[in-house]
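This report refers to the structure that appears directly beneath it.
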There are 2 protein chains.
Amino acid sequence: MNSFTEENYLKEIFKLMQQEDSMVSTNAIADKLGTRAASVTDMLIKLSDKKLVHYKKYQGVTLTSKGKKVALEIIRNHRLWEVFLVEKLQFKWDEVHEMAEELEHINSKEMVLRLDKYLGYPKFDPHGDPIPDDKGKIGVKKSRLLSQLIPNKAAQVLGVVDHSPAFLQYIEKLGIMPGHGIKLKEIIEYDKSISISINGKEPVFISNDVAKNILISA
Amino acid sequence: MNSFTEENYLKEIFKLMQQEDSMVSTNAIADKLGTRAASVTDMLIKLSDKKLVHYKKYQGVTLTSKGKKVALEIIRNHRLWEVFLVEKLQFKWDEVHEMAEELEHINSKEMVLRLDKYLGYPKFDPHGDPIPDDKGKIGVKKSRLLSQLIPNKAAQVLGVVDHSPAFLQYIEKLGIMPGHGIKLKEIIEYDKSISISINGKEPVFISNDVAKNILISA
DNA sequence: AAATAAATTTAGATGAGTCTAAAAATAATT
DNA sequence: AATTATTTTTAGACTCATCTAAATTTATTT
């Protein structure tokens, strides 16, 4: 089987591949995992030997289908545990990441199947991220960033890009959460900051930096 | 913090101290953990440096109060997760040990507090073992072994000594489970095998080996 | 009490995952 | 295109938890 550490590398490579939609660089991985480039190189060689990644010296990595399967399983575990922590143990959405980082590595397919059933087969985690099914299939909702919203057209908050507690706490205070309706009221051309109405309430102002981290329905 | 491995040593030393009620030997630990005596010695020195055990060369170890606190926390986590797996995810009592071995090391006091509440503050796990509270206090029910039961006196099954799936499956098939009433019908003096009635049902025969692994009310 | 057996510790080695410092390859600039 | 800068890899070393084999201590027998 794969170690805790190997699983974390695979998960991070998967996420980076989604963003950059191509080969992932050694430094990008080192950055995300808080480790050094040299360590990443060592691990990539190991993962390559195990046929979990395609690795070409100096060129970067991509996941093999085997590697992608493992990554999706870990991501599924993570998101299901997040649902558990929020729905059953009453944690807030900005508190669950660290715990889920540990829970995701618990090694039991059957347990996760039952957890999924117990939670009522949720399709999205508390941050709006889609939960892959047990085959690794992920239901991709078409989405775009709030920073690209068209004025006065109704849309829905789907999720977030930044998952940090600070960000989540901030937007929650503004009333922005997955599932809520959203409408663009005004764009300040100068700095691209915007004013939006959530669920028909009084408009609030947010910077472009914030708008770039919120996903809405396309 | 303490590593996964350190926690397992502390937990095992705690359990052995309960049984033998004195110093625990290097070999006993090696046996239980499936490792070699030399490895145990190394770890004992390390745990001693961290003030988690009292260690005297060639004499054995006991836990310090600090070590006992950690051990009880791990045991509490383990037993609460077992309750979760059986009550909420519908696992059988002989299926949950391995999963709980991993879940017990998830590092979040708050999560365990909420899990405890969510489960309704259970006092015993599915095998009848008492669950320490968050201060490490453990409610000890006076118990003795089924092999010491007095003929025709009513008693109750409290728990088991052997936790192996094979054993649990066997006694469950016989109808022996924590909470069930039990009465001794006959003792075969030759091999100390006994015949017992569970919840007033038809008596069943069990060997002394089995009777020595079942805990009943004193 | 001396000899033998058993338990425990020491010494030295290994693999996993990490690091720093230096070398090599690729990318960017002048 | 040649030089400089950046990225990545190699080389060698460290820590953690483990191992085997040999040495030492304690326990058991004769």
Side-chain angles (χ1 to χ4, degrees), chain A residues 1-14 16-17 19-63 67 70-71 74 101-102 104-105 107, chain B residues 1-14 16-17 19-63 67 70-71 74 101-102 104-105 107:
Chain A
M1 264 302 92
N2 309 303
S3 73
F4 192 105
T5 313
E6 287 167 344
E7 289 179 351
N8 280 335
Y9 272 88
L10 293 172
K11 184 180 60 165
E12 212 52 60
I13 295 166
F14 181 89
L16 288 166
M17 273 177 71
Q19 281 172 40
E20 308 178 10
D21 215 56
S22 68
M23 285 230 154
V24 174
S25 79
T26 302
N27 267 351
I29 300 168
D31 263 22
K32 287 283 178 187
L33 294 179
T35 157
R36 297 303 195 145
S39 313
V40 174
T41 301
D42 288 347
M43 181 57 82
L44 293 184
I45 291 164
K46 199 174 143 199
L47 292 174
S48 183
D49 290 345
K50 294 178 81 171
K51 309 278 185 223
L52 291 162
V53 300
H54 297 294
Y55 170 57
K56 275 268 159 26
K57 254 192 190 185
Y58 293 104
Q59 304 305 303
V61 270
T62 55
L63 293 178
V70 176
I74 303 302
E101 285 288 301
E102 299 188 46
E104 71 188 7
H105 300 287
N107 180 25
Chain B
M1 262 302 92
N2 309 304
S3 73
F4 193 104
T5 313
E6 287 166 343
E7 289 180 351
N8 280 336
Y9 271 88
L10 294 172
K11 185 180 61 163
E12 212 52 59
I13 295 166
F14 181 88
L16 288 167
M17 273 176 71
Q19 281 173 39
E20 309 179 10
D21 216 56
S22 68
M23 285 227 151
V24 174
S25 77
T26 302
N27 266 350
I29 300 168
D31 262 23
K32 287 284 179 186
L33 293 179
T35 151
R36 296 303 194 144
S39 314
V40 174
T41 300
D42 287 348
M43 181 56 83
L44 293 184
I45 290 163
K46 198 173 144 202
L47 293 174
S48 182
D49 289 346
K50 294 178 83 171
K51 308 278 184 223
L52 292 163
V53 301
H54 297 295
Y55 170 56
K56 274 268 159 23
K57 252 194 191 180
Y58 294 103
Q59 306 303 304
V61 271
T62 55
L63 293 178
V70 176
I74 302 303
E101 285 288 302
E102 299 188 46
E104 69 187 9
H105 300 287
N107 181 24

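Below, read A as the first sequence line, B as the second, and so on, with proteins coming before strands; counting in each chain starts at 1.
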For DNA chain D, the dot-bracket pattern of Watson-Crick and G-U pairs whose distances stay under 3.5 Å, | for other-strand partners: ||||||||||||||||||||||||||||||
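Residues forming a side chain to side chain donor-acceptor pair (under 3.5 Å) with B:Glu12 (at least two apart in sequence, or on another chain): none. B:Asp42 is linked by a side-chain contact (heavy atoms from CB on, under 4.5 Å) to nothing, counting only residues two or more places apart in sequence or in another chain. Scored by the side-chain contact (heavy atoms from CB on, under 4.5 Å) test, A:Ala30 finds A:Val40 as partners (sequence neighbours excluded). The side chain to side chain donor-acceptor pair (under 3.5 Å) check on A:Glu102 picks up nothing, with sequence neighbours excluded.
Of the inter-residue distances, the one linking B:Thr41 atom OG1 with B:Ile29 atom CD1 reads 9.0 Å to the nearest 0.5 angstrom. Interatomic distance, CE of A:Met23 versus OG1 of A:Thr26, reported as 10.5 Å (0.5 Å rounding). Summarising the geometry, atom CG belonging to B:Leu16 is positioned 7.5 Å from atom OG belonging to B:Ser25; distances are rounded to the nearest 0.5 Å. Expressed to the nearest 0.5 Å, how far CD1 of A:Ile74 lies from CZ of A:Phe14 amounts to 12.0 Å. Interatomic distance, NE2 of B:His105 versus CZ of B:Phe4, reported as 4.0 Å (0.5 Å rounding). Atom CD1 of B:Ile13 is separated from atom CE of B:Met43 by 9.5 Å, given to the nearest 0.5 angstrom.
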Nucleotide-resolved protein contact map, nucleotides 19-26 of chain C, B/S/- at heavy-atom distance under 4.0 Å: BB---BSS
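Rounded to whole Å, atom C1' of C:dT8 lies 17 Å from atom CE of B:Met43. Between the CD atom of A:Glu6 and the P atom of C:dA16 there is a distance of 9 Å, given to the nearest Å. In this structure, CG of A:Asp49 is placed 11 Å from P of C:dA16, rounded to the nearest angstrom. The nearest whole Å value for the distance from the OH atom in A:Tyr55 to the P atom in D:dT10 is 6 Å. Atom pair B:Ile45:CD1 and D:dC16:P shows a separation of 14 Å (rounding to whole Å applied). Atom CE in B:Met1 sits about 15 Å away from atom P in D:dC16, given to the nearest Å.
Of the side-chain N and O atoms in A:Tyr9, none sit less than 4.0 angstrom from OP1 or OP2 of C:dA16.
Interface residues of residues 23-32 of chain A facing DNA chain C, ordered by number: none; criterion, heavy-atom separation under 4.0 Å.
Sorted pairs that involve residues 22-40 of chain B and meet salt bridge (charged side-chain N to carboxylate O under 4.0 Å, His left out), not counting sequence neighbours, are lacking altogether.
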A:Glu7 and A:Glu104: CA distance, side-chain angles, deciding distance, side chain to side chain contact (heavy atoms under 4.5 Å, CB included) verdict: CA-CA 10 Å; A:Glu7 289 179 351; A:Glu104 71 188 7; 6.0 Å; no
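If you check every strand for non-hydrogen atoms under 4.0 Å, B:Phe4 touches nothing.
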Grab the N/O contacts between the protein and nucleotides 1-3 of chain C below 3.5 Å, and write none if there aren't any.
none

For residues 50-63 of chain A, run the donor-acceptor check on the side chains, cut-off 3.5 Å, and write out each pair with its distance to 0.1 Å, sequence neighbours left out.
{"unit_1": "A:Lys50", "atom_1": "NZ", "unit_2": "A:Met1", "atom_2": "O", "d": "3.4"}
{"unit_1": "A:Lys50", "atom_1": "NZ", "unit_2": "A:Asn2", "atom_2": "OD1", "d": "3.2"}
{"unit_1": "A:Lys50", "atom_1": "NZ", "unit_2": "A:Glu6", "atom_2": "OE1", "d": "2.9"}
{"unit_1": "A:Lys50", "atom_1": "NZ", "unit_2": "A:Glu6", "atom_2": "OE2", "d": "3.3"}

